[in-house]
Protein chains: 2
Amino acid sequence: MNNIKNLIDDKGVKPTYHRIKILEFLQNNKNHPTADKIYEEIVKYIPTISKTTVYNTLKIFVEKEIIEELTITGNETHYELTEDTGPHHHFYCTQCKTIFDIEAECNQECSKKNDIDGNKVQSYQCYYKGICCNCLRKNNNEMNN
Amino acid sequence: MNNIKNLIDDKGVKPTYHRIKILEFLQNNKNHPTADKIYEEIVKYIPTISKTTVYNTLKIFVEKEIIEELTITGNETHYELTEDTGPHHHFYCTQCKTIFDIEAECNQECSKKNDIDGNKVQSYQCYYKGICCNCLRKNNNEMNN
DNA sequence: GTTCATATTTGTAATCATTACAAATATATA
DNA sequence: TATATATTTGTAATGATTACAAATATGAAC
């Protein structure tokens, strides 16, 4: 709670109750939620919160690089904390729509560049799309029945 | 023209006039156009074409892996030919909204995997977001005036 | 060539995430 | 306490994409 407050404060963002709760949720949910998912969960605890506030807050957090946005699926943005856990890739399962982390065993150097060919880099993302192992197994079981 | 016809035919897609023109456009425009941009240009030559046809066609092409979709910006999908030019990254300028290729000097091996940790890979993308060198220069000039 | 089944295309309406915007509320400052 | 500023809220608008049914074209069988 307090470290979250400081995290926001340090970036020059006023740590309001709403903002703290949203960041807290992202810290406890590493499954790359969408704005809508965040709203659905937060509204259980803050019934008066509006979806616009969630969008506004997420936008501020992205600008301040407190969180990062993942644009993988094409129709909704997912969010994650700007982690201290080092660079990682993402896997998006087109069947169950889940996004999960993939250890980035290669291109560590790419992720650290803040300049490439004279262009100023603000963020770097890599993602795989495909069928996750859970769905593969499920599909296989259904085939054999 | 004929090679495009064959390219479509080989993938089991009937090479209709619309489909050939759409693929032809993508072959001549390497600037990662959106569905809307493709429609705008094609409709000049085929005034009766509908936007739905463009979307349908692009979807078929993606399924057959004739083209690839880039989901970078979060609010619209960009398309490019599944190139024979080897893997590359993309740079998205948040100021001028341009997408251009970046030579992939690292992680060549990642892009070739069709299995990662037991998950079946269908596509792989890496992108940078930031300010391109043209916009940087422009911004700099404006500052000095 | 005609008939029939199928594939493709079209146009319109719906969907859904996100944003715009102005009013309402809370917060901080004098 | 009064006033300015920041935050939050609710509603309406936007815009890319999809759903869907009707219209049209294509191809095979006769």
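Values reported hereafter were calculated over all heavy atoms of this structure, with side chains retained and with hydrogens, waters and symmetry mates removed. Throughout, a chain's letter reflects where its sequence line sits, starting with A, and its residues are numbered from 1.
Here C:dA13 presents its C1' atom at 15 Å from NZ of B:K51, a figure rounded to the nearest Å. Rounding to whole angstrom units, CG of residue B:D9 and C1' of C:dA7 are separated by 15 Å.
Remark on DNA chain C: of its neighbouring residues B:H18 and A:K14, the 5'-side contact belongs to B:H18, judged by nearest-heavy-atom nucleotide. Mapping A:N56 and B:H78 onto DNA chain D via the closest heavy atom, the residue that lands nearer the 5' end is A:N56. Along DNA chain C, the nucleotide nearest B:R19 and the nucleotide nearest B:G74 are compared for position; the residue whose nucleotide lies closer to the 5' end is B:R19.
A salt bridge links A:E41 with A:K37: the closest approach of a Lys/Arg side-chain nitrogen to an acidic carboxylate oxygen falls below 4.0 angstrom. The pair A:K51-A:D36 meets the salt-bridge criterion, with a side-chain N (NZ, NE, NH1 or NH2) lying under 4.0 Å from an Asp/Glu carboxylate O.
Contact detail for A:Y127 and A:T71: the closest heavy-atom pair is CE2-O, 4.0 Å.
Within 4.0 Å (heavy atoms only), A:T34 reaches no atom of the nucleic acid at all. The residue A:T16 sits close only to the backbone: its heavy atoms come under 4.0 Å of sugar-phosphate atoms, none of a base.
A centroid separation of less than 6.0 Å is found between the aromatic rings of B:F91 and B:F100.
Protein chain A contacts DNA chain D from D:dA6 to D:dT11, reading 5' to 3' and using non-hydrogen atoms of the protein with a distance under 4.0 Å.
A:Q122 and A:E65 are not linked by any side-chain donor-acceptor pair at a separation below 3.5 angstrom, with hydrogens and angles left out of the test. Looking at B:E80 and B:H90, their side chains do bring a donor and an acceptor atom within 3.5 Å of each other. Between the side chains of B:S50 and B:Y39, no donor-acceptor pair of N or O atoms lies under 3.5 Å. Between the side chains of A:H32 and A:E69, no donor N or O sits under 3.5 Å from an acceptor N or O.
Cysteines A:C126 and B:C126 have SG atoms closer than 2.5 angstrom.
DNA chain D lies under 4.0 Å from no heavy atom of any residue of residues 58-70 of chain B.
The side chain of A:Y55 contributes no N or O atom lying less than 4.0 Å from OP1 or OP2 of C:dT19.
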